[in-house]
Every structure is written in C-alpha cells, then in structure tokens.
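One structure is given below, encoded as structure tokens.
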Amino acid sequence: MLSFGRLWTPNTLIGLGLGQFLSLLITSTGFTSSELAKKGINAPTSQSFLNYVFLTFVYGTILLYRRKPLKAKWYYYVILGLVDVEANFLVVKAYQYTSLTSVMLLDCWSIPSVMLLTWLFLKTKYRFKKITGVVVCVAGLVLVVFSDVHAGDRAGGSNPRKGDLLVIAGATLYAISNVSEEFLVKNADRAELMAMLGLSGGIISAIQISILERNELKSIHWSAEAALPFVGFAVAMFMFYSLVPVLLKINGSTMLNLSLLTSDMWAVLIRIFAYHEKVDWMYFVAFGAVTIGLVIYSGGDRDEDQNTNSGDDLRPALKQDEEANSGNRSKGTMAGSSKTWVA
C-alpha cells in the first residue's frame with residue numbers, strides 16, 4: 001500500500017506545481033485571444049509569431065555564446081516547428097466551425113495519442129495506477145462538457161464535422177510535438193531545442209502569415225489596446241514554451257497534457273471572481289476530479305518505468321549527428337541521458 005510520504009515526493013510536488021502554473025499560462029493566452037477576438041482581430045499565426053521571435057532571440061543568444069555544434073540535425077527542428085505551428089493553427093481555426101464544448105472534449109485526444117507515441121517510440125511503460133489517473137482526469141473534463149450542455153451553452157457551430165476534424169488533427173499534432181520535445185530535451189539540449197524551435201517556427205509562421213493573414217494584419221487599426229493583447233499573449237507563450245521542457249524532463253509528456261486539462265477550470269474561476277459570472281456546480285466537481293487524477297498519476301514510486309533501452313531506436317541518429325559535427329566528442333554523453341530521467 002502506498003504511504004502518504006511516498007506519494008508526495010519532490011518530483012510529484014514540482015510536477016503538480018509547475019503543471020498548474022503552465023495551465024494558468026495557457027488560460028491567460030485564452031483570455032488575451034478572447035480580447036483580440038472582441039476587437040475583431042483574427043490572426044492566430046501572427047499571435048504565435050512573436051513568441052517564436054522571443055525564443056529565437058533569448059535561446060539563440062545562449063547558443064551563439066556557447067559556440068557548440070547542434071546535437072541534432074537542423075531538419076529535425078524544422079519538422080518540429082512545422083508540426084507546432086500547424087497544431088496551434090488548426091485548433092484555433094476549429095473555433096470558427098464547431099462549439100467550445102466540442103473543442104474541449106476532442107482536445108483530450110492528445111492524451112491517448114501521447115501515451116501511444118511514448119509507448120511506441122520512447123518505450124515508456126504505463127502501469128494500472130497511471131492509467132487510472134488518466135481516466136479520472138478525462139472523466140473530470142467530461143463533467144465540464146456535461147455542465148456546458150446542462151447550462152445550455154452548447155452551440156452547434158457553422159460546420160461541426162469540419163471543426164471536429166480540425167480539433168482531432170490539431171490534438172494529434174500536439175501529441176507528436178510534445179513527444180518529440182520530450183525526446184529531444186532528454187537526449188539533446190533544452191536551449192538548443194528552444195532556439196531551433198523558435199527559429200524554425202518563426203520562419204514557417206512568417207511564410208504562413210504572408211499567405212493567409214496578410215490582409216488581416218493590414219486591416220488592423222494598431223493602437224495600445226490592440227498591441228497589448230498581442231504582447232501579453234507572446235510573453236505568456238514564451239514562458240510556457242520555456243518551462244514545458246522542464247516538466248517534460250521531470251514528469252513526461254503525459255503529465256504535461258493532463259495538467260493542461262485544468263486550464264478550462266482555471267478559466268471558470270476567473271469568470272467567477274473577475275467577471276462575477278455564475279457557473280454550474282459540476283465545474284467544481286470536475287476540478288476536484290482532475291486534481292485527484294493528477295495526484296494519482298504523478299504520485300508514488302515509479303509506476304511509469306522506461307525500458308533500459310529507452311530511445312535506442314532514435315538515439316543513433318542523434319549520435320551520428322554529434323559524430324559528424326565533432327568527431328572527438330565523447331560518445332557516451334547521449335547514451336546514458338535518457339536512462340537518467342524517467343517520464
């Protein structure tokens with residue numbers, strides 16, 4: 001039987017606290033996006049672009065100061081940047097076609113997708129208690145959906161099927177992005193990951209903006225009221241992207257996605273205390289369920305174990321990159337890194 005002392009390990013406390021801070025950051029990006037929407041500004045790729053610029057400037061400076069070759073091929077980061085940019089775009093785009101309730105429910109698809117991908121490629125093993133925690137978290141979010149239906153907040157949207165497909169596609173890309181970042185941060189370098197993700201994401205975003213959002217940006221009447229939400233969104237996303245690798249390294253991508261489920265509940269609390277809105281009682285039950293699920297998933301001894309060969313299928317590519325860039329570098333650095341950290 002698991003004791004209370006073993007449940008509240010340092011990694012558990014760090015994972016829960018950092019996960020909820022990341023969830024609050026996501027909530028803040030939602031509110032800044034809402035403010036932009038109220039002003040008639042619909043430029044999701046442009047919002048993300050400034051975040052990629054921040055990542056490139058801050059972490060790129062660190063890389064230039066180090067003057068060391070990349071530990072992974074540059075095109076790995078280009079692919080990751082493309083996946084990340086399009087995941088953000090697809091989910092935001094889905095709001096134009098389907099309901100908020102559908103987006104909330106279908107976005108949960110990223111959780112089983114992450115578990116499947118980490119099991120296939122990172123050789124992560126999930127025991128019964130971990131799966132129980134995931135089920136409890138998802139059940140809590142389903143309660144939020146039922147609460148919306150009960151309160152009559154559900155709107156069909158102009159094209160629900162198209163919107164639902166966009167959410168599922170976006171959630172799948174989020175899963176791919178999270179798992180790729182988890183592998184790279186455990187086997188490569190955090191600063192390198194952030195700098196190259198920022199650079200590739202910024203270039204891809206700029207190209208996409210020039211094609212899809214050029215006219216939208218021209219039509220915006222720029223003022224402090226219009227610019228501040230853009231900057232606020234970018235700062236929150238920069239902090240989010242900077243801290244995500246820390247949580248991935250300590251607790252893994254599944255814990256990250258479970259933690260972000262509470263962002264909807266934090267949004268409800270802000271609606272209650274900041275905007276004095278009334279919400280259904282089921283929201284509070286849902287918040288409690290998600291919290292309990294997070295504790296079950298993250299607590300206790302290492303129920304989620306990684307095979308001693310974790311990442312062996314992918315690690316040789318990174319090792320070859322290192323050898324190609326620097327033949328005299330120690331070949332043992334990468335070999336033990338993924339065994340040191342457990343998701």
Side-chain angles (χ1 to χ4, degrees), residues 14-55 57-59 84-85 87-95 100-101 103-104 107-108 110 137 140-141 144 148 153 167 170-171 174 177-178 181 194 197-198 201-202 205 220 223-248 255-277 279 283-284 286-287 290-291 294:
I14 293 172
L16 290 174
L18 183 56
Q20 290 316 296
F21 182 66
L22 291 172
S23 184
L24 283 170
L25 288 175
I26 285 295
T27 304
S28 66
T29 62
F31 276 93
T32 54
S33 296
S34 177
E35 288 299 314
L36 289 172
K38 290 178 182 178
K39 301 178 187 300
I41 300 174
N42 181 26
T45 309
S46 301
Q47 289 176 228
S48 301
F49 174 73
L50 190 56
N51 165 51
Y52 292 123
V53 172
F54 287 162
L55 290 173
F57 178 76
V58 174
Y59 292 101
D84 194 74
V85 169
N88 290 326
F89 177 80
L90 288 174
V91 172
V92 173
K93 193 73 174 176
Y95 284 98
L100 173 63
T101 305
V103 173
M104 288 167 57
D107 200 35
C108 292
S110 63
C137 283
L141 196 64
V144 176
D148 282 343
D153 292 337
V167 178
Y174 275 137
S177 176
N178 292 158
E181 287 184 35
M194 291 293 95
L197 175 60
S205 294
I220 297 175
S223 63
E225 293 183 354
L228 283 177
F230 261 97
V231 176
F233 179 91
V235 171
M237 287 298 288
F238 172 76
M239 294 176 65
F240 177 81
Y241 273 64
S242 298
L243 293 173
V244 159
V246 179
L247 185 60
L248 289 175
M255 179 64 177
L256 168 65
N257 282 270
L258 291 175
S259 296
L260 297 185
L261 289 181
T262 59
S263 61
D264 296 306
M265 273 67 101
W266 287 121
V268 169
L269 294 178
I270 293 175
R271 284 165 53 190
I272 294 173
F273 294 105
Y275 297 97
H276 306 289
E277 297 180 9
V279 297
Y283 272 108
F284 300 101
F287 189 87
V290 173
T291 302
L294 286 172

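Along the sequence shown, the residues carry numbers beginning at 1.
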Next on the checklist: To the nearest 0.5 Å, what is the distance between OG on Ser177 and CG on Leu197?
Outcome noted: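 It comes to 7.0 Å.
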Next on the checklist: I need the Ser48 OG to Phe89 CZ distance, nearest 0.5 Å.
Outcome noted: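 Ser48 OG to Phe89 CZ: 10.5 Å, rounded to 0.5 Å.
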Please report the closest heavy-atom contact between [X] and [Y], naming both atoms and the distance.
X: Leu256; Y: Leu248; value: CD2-CD2, 3.9 Å
X: Val91; Y: Tyr174; value: CG2-CE1, 3.5 Å
X: Val85; Y: Gly201; value: CG2-O, 3.6 Å
X: Ala87; Y: Gly170; value: CB-O, 3.8 Å

Next on the checklist: Please enumerate all residues that pass side-chain contact (heavy atoms from CB on, under 4.5 Å) together with Thr32, with sequence neighbours excluded.
Outcome noted: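 For Thr32, the residues satisfying side-chain contact (heavy atoms from CB on, under 4.5 Å) (neighbours in sequence not counted) are Thr29, Phe233.
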Next on the checklist: Test your reading of the model: is there a side-chain donor-acceptor pair from Thr27 to the backbone of Ser23, 3.5 Å cut-off?
Outcome noted: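 At least one qualifying donor-acceptor pair exists.
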Item to check | 4.5 Å side-chain heavy-atom contact, Thr45 and Phe49 | outcome: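 Result no, sub-4.5 Å side-chain heavy-atom pair not found.
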Next on the checklist: Test of understanding: with ring pair (Phe, Tyr, Trp, His ring centres under 6.0 Å), list the residues that count as partners of Phe54, not counting sequence neighbours.
Outcome noted: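 Once residues adjacent in sequence are excluded, Phe54 has no partner under the ring pair (Phe, Tyr, Trp, His ring centres under 6.0 Å) criterion.
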With a cut-off of 3.5 Å and sequence neighbours excluded, list every side-chain donor-acceptor pair involving residues 235-244.
| from | atom 1 | to | atom 2 | distance (Å) |
| --- | --- | --- | --- | --- |
| Tyr241 | OH | Asp84 | OD1 | 3.4 |
| Tyr241 | OH | Asp84 | OD2 | 2.5 |
| Tyr241 | OH | Asn88 | ND2 | 3.3 |
| Ser242 | OG | Tyr59 | OH | 2.9 |
| Ser242 | OG | Phe238 | O | 2.8 |

